[in-house]
2 protein chains.
Amino acid sequence: MSIFDVAVWKEGKVRMMDQRALPHEEIYLEFTSAQEVAQAIRSMVVRGAPAIGCAAAFGMAVEAFRLAAQGRPDSWPLAMAEGIAHLRESRPTAINLAWAIERLRPLLEGGDPDQVPERLLREAEAIRQEDIASCRAMGRLGADILPLSANRSISLLTHCNAGALATAGYGTALGVIRAATQRFAQVKVYASETRPYLQGARLTAWELLKDGIDTTLITDNMAGHLISRGMVEAVVVGADRVAANGDAANKIGTYPLSVLAQRHRIPFLVVCPLSTIDLATTTGADIPIEERPAEEVTHCLGRRTAAQGVQVFNPAFDVTPAELITALVTERAVVHAPNTEKVAALFHGLPGHPGR
Amino acid sequence: MSIFDVAVWKEGKVRMMDQRALPHEEIYLEFTSAQEVAQAIRSMVVRGAPAIGCAAAFGMAVEAFRLAAQGRPDSWPLAMAEGIAHLRESRPTAINLAWAIERLRPLLEGGDPDQVPERLLREAEAIRQEDIASCRAMGRLGADILPLSANRSISLLTHCNAGALATAGYGTALGVIRAATQRFAQVKVYASETRPYLQGARLTAWELLKDGIDTTLITDNMAGHLISRGMVEAVVVGADRVAANGDAANKIGTYPLSVLAQRHRIPFLVVCPLSTIDLATTTGADIPIEERPAEEVTHCLGRRTAAQGVQVFNPAFDVTPAELITALVTERAVVHAPNTEKVAALFHGLPGHPGR
């Protein structure tokens with residue numbers, strides 16, 4: 001299994017692979033303040049809901065160490081407010097960002113104030129470790145429900161990058177695909193390139209090929225042809241935020257895949273940790289959809305593609321309604337045909353989570 | 001209305017705008033043999049089913065003039081066989097290519113053999129003029145059936161380029177959009193960029209903006225979001241070949257739009273001349289789907305997007321089943337909910353067409 005430093009702590013700094021340079025170069029960047037980490041999230045150095053959660057947690061830790069180096073603040077909550085605001089505003093759709101911040105925030109008060117930076121760092125590292133463990137659990141649970149054919153081969157379609165690069169490691173949707181390679185004699189993956197930012201072409205293809213997984217690239221608009229010709233046996237994607245009723249926001253282009261999967265009666269799996277589920281968001285209609293700069297659409301890798309003067313609409317996510325989701329795969333359980341009751345039941349017996 | 005020399009006769013040569021250079025440059029190229037024209041079609045100097053038909057017809061004419069300049073051949077059919085074969089094999093899906101060749105082929109025999117080049121040229125020019133007239137008729141008929149709102153505004157989505165650049169002029173789907181600007185106070189067009197070849201970003205945006213039409217560019221995977229949010233009132237596309245039962249092959253990515261249109265109950269219009277309908281092809285399953293080079297998918301405008309070593313699947317077209325087509329708009333009539341009987345009825349009373 002491929003391991004990359006997606007968002008880690010190294011020698012007092014937050015270290016992240018610059019995903020903007022992939023697949024051409026493997027560059028690592030280091031950050032020493034919450035504001036720098038927020039800018040890295042905004043500019044897509046790191047992306048993917050769970051990875052953004054880890055990055056934000058380490059961003060809080062590095063901010064606390066930075067402040068402590070200037071002399072311990074009288075009020076940690078006050079001193080951290082600006083850095084936290086930067087992190088919180090860096091991207092609006094992925095709920096893991098707010099989830100990680102809310103998980104660390106209570107540590108700013110109570111206990112020895114001199115220990116706040118260390119406490120934040122321990123919790124950030126715990127989030128990272130839990131995320132890897134969650135991905136492995138999701139992989140196992142998701143692979144369990146893939147349709148098993150007589151010859152133990154399977155052809156899967158994934159969109160964007162819900163992989164090791166989108167998490168602390170192993171991946172959500174790509175975790176299921178990695179686990180599938182242990183169960184099936186032959187796993188064929190179709191990866192859609194995911195315009196405008198090309199996470200499929202640049203990231204998913206890169207990390208699957210590193211693991212020797214049979215990967216075929218298509219443009220986003222080819223999925224309908226493949227599915228209609230019986231070339232895909234299941235669609236497996238991640239999520240950036242799942243509402244209380246099971247509606248799932250994920251990378252733009254996910255929703256059409258769910259409509260095609262329903263029409264052609266193949267399973268549509270959404271794979272995400274509990275930290276991506278936001279019980280405070282009632283339905284998908286309440287999920288804020290980030291709009292990104294026009295240049296992403298009028299250009300490709302910095303080269304202008306489009307006629308001058310054209311207007312642009314660039315929503316970064318769409319919402320797949322729960323009714324089109326065959327199963328929601330989390331680290332705790334698989335929820336078939338998700339709805340409000342079943343999603344709520346996932347949290348029974350768990351300690352309180354922010355956002356519920 | 002924008003006029004470009006998509007495929008015309010000029011001073012003994014076939015003159016075509018090099019659509020590969022758009023939107024950055026307006027370059028014209030000239031061709032003096034059928035083989036050169038075939039290569040221009042294959043390499044996408046000219047594309048779009050009706051435009052390819054015109055180009056092939058002029059390609060036959062220029063080949064005949066070239067042969068005549070070397071001394072009139074004993075047998076025109078024999079002498080032209082190689083050039084015709086090149087043209088016929090240049091692209092497999094658009095039936096207009098074969099249609100134009102079959103329309104000119106009878107002119108190779110009978111009458112004064114010395115007049116063959118002139119006869120071919122007159123017929124090619126007739127095809128070109130008829131295509132422009134057909135586009136204008138389709139525009140009127142298509143605009144007639146667009147949903148008219150109280151405030152006389154409409155928001156339309158089109159895919160690829162079924163415009164002036166894809167025809168002898170005015171366009172099929174974009175002809176309907178041009179006609180709509182005469183009927184509606186406000187026409188808003190969403191154009192999907194159409195990876196891998198970017199006909200939407202490069203060509204549709206370019207020609208609609210030339211006509212001052214309100215145009216917004218999206219990536220192909222954004223259509224589902226727009227349609228689900230009620231931002232699109234009808235989808236209007238062209239076709240490369242329509243089977244006898246009404247199934248329509250069009251640019252890859254068209255089929256998913258038809259599935260989305262059905263789910264959200266908006267009209268899905270396929271606009272094409274009778275020359276695009278192939279009664280010899282029973283259903284969409286019988287339409288050959290061209291697969292194009294892998295580099296189109298692994299690159300964008302010559303820059304590599306994808307991880308090295310990834311496999312590629314690059315079908316250039318998909319098939320929309322007749323059941324998802326609200327109306328087939330031709331120059332002769334609009335066929336609502338097309339099926340084999342209604343499609344056959346379009347040809348009643350017409351002189352014999354090749355392919356029927």
Side-chain angles (χ1 to χ4, degrees), chain A residues 22-24 159 190-196 198 201-209 214-226 228 231 251-257 259-260 263 289 294 296-298 300-315 317-319, chain B residues 22-24 159 190-196 198 201-209 214-226 228 231 251-257 259-260 263 289 294 296-298 300-315 317-319:
Chain A
L22 289 174
H24 305 300
H159 184 56
Y190 288 102
S192 43
E193 66 172 0
T194 319
R195 275 283 284 156
L198 299 168
R202 296 192 302 107
L203 310 181
T204 293
W206 182 80
E207 69 163 273
L208 291 181
L209 291 172
D214 178 357
T215 306
T216 298
L217 183 68
I218 58 171
T219 60
D220 301 314
N221 55 20
M222 290 173 187
H225 180 71
L226 270 73
S228 73
M231 295 168 70
K251 179 53 53 194
I252 192 76
T254 301
Y255 168 60
L257 300 178
V259 175
L260 289 161
R263 180 173 168 86
I289 302 296
E296 289 186 355
V297 174
T298 55
C300 185
L301 297 182
R303 284 203 64 179
R304 186 164 185 101
T305 57
Q308 292 287 345
V310 74
Q311 299 164 73
V312 167
F313 182 52
N314 184 13
F317 304 93
D318 60 22
V319 173
Chain B
L22 288 174
H24 305 300
H159 184 57
Y190 289 102
S192 43
E193 66 172 1
T194 318
R195 275 283 282 155
L198 298 168
R202 297 192 302 107
L203 309 180
T204 292
W206 182 80
E207 69 163 274
L208 290 181
L209 291 172
D214 178 356
T215 306
T216 298
L217 183 67
I218 58 171
T219 59
D220 301 313
N221 54 21
M222 290 172 188
H225 180 71
L226 269 73
S228 72
M231 296 168 69
K251 179 53 53 194
I252 192 77
T254 301
Y255 168 60
L257 300 178
V259 175
L260 289 161
R263 179 171 167 88
I289 302 296
E296 290 185 355
V297 174
T298 55
C300 185
L301 298 181
R303 283 203 65 180
R304 185 164 186 103
T305 57
Q308 292 288 345
V310 73
Q311 299 164 74
V312 167
F313 181 52
N314 184 13
F317 304 94
D318 60 23
V319 174

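A note on names: the letters A, B, ... follow the listed sequences, proteins ahead of strands, and every chain is numbered from 1.
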#### Entry: Part of A:Leu208 lying under 4.5 Å from any heavy atom of chain B
neither
### Query
Of all of B:Thr254, B:Val319, B:Ile218, which one pairs up most often with chain A through heavy atoms under 4.5 Å apart?
B:Ile218
### Query
Which bit of B:Asp318 is near chain A, if near means a heavy-atom gap under 4.5 Å: side chain, backbone, both or neither?
both
### Message
Under the side chain to side chain contact (heavy atoms under 4.5 Å, CB included) test against A:Phe313, which residue among B:Thr216, B:Leu217, B:Thr219 passes?
### Response
B:Thr216
### Message
Can you tell me which portion of A:Arg263 sits under 4.5 Å from chain B's heavy atoms? Options are side chain, backbone, both or neither.
### Response
side chain
### Summary
Turns out that what part of B:Leu203 lies under 4.5 Å from chain A's heavy atoms comes down to neither
### Message
How close do A:Thr305 and B:Leu301 get, counting heavy atoms only, and between which atoms?
### Response
CG2-CD1, 3.6 Å
### Task
With sequence neighbours excluded, tell me which residues meet side chain to side chain contact (heavy atoms under 4.5 Å, CB included) with B:Leu209.
A:Ala307, A:Val310, B:Thr215
### Query
Top residue by heavy-atom pair count (under 4.5 Å) with chain A, among B:Val259, B:Thr298, B:Leu226?
B:Val259
### Part of B:Leu22 lying under 4.5 Å from any heavy atom of chain A
neither
### Task
Can you measure from CG (B:Asn221) to CG (A:Asn221) and round to the nearest 0.5 angstrom?
8.5 Å
### Task
Compare all side-chain heavy atoms of B:Asp220 with those of A:Arg195 and state whether any distance is below 4.5 angstrom.
no
### Task
Counting only heavy atoms closer than 4.5 Å, note whether A:Leu198 contacts chain B via side chain, backbone, both or neither.
side chain
#### Entry: Rounded distance (nearest 0.5 Å) linking atom CZ of B:Arg304 with atom NE2 of A:His24
7.5 Å
### Under 4.5 Å from any heavy atom of chain A - which part of B:Gln308
backbone
### Message
A side-chain contact here means heavy atoms from C-beta on lying under 4.5 Å apart; do B:Pro256 and A:Met222 qualify?
### Response
no
### Task
Heavy atoms only: give me the nearest A:Val297-B:Glu193 pair and the separation to one decimal.
O-OE1, 4.0 Å
### Task
Check step by step if side-chain contact (heavy atoms from CB on, under 4.5 Å) holds for A:Gln311 and B:Asp214.
CA-CA 8 Å; A:Gln311 299 164 73; B:Asp214 178 356; 2.7 Å; yes
### Message
Between A:Pro23 and chain B, with a heavy-atom cut-off of 4.5 Å, which part of the residue counts as in contact: side chain, backbone, both or neither?
### Response
side chain
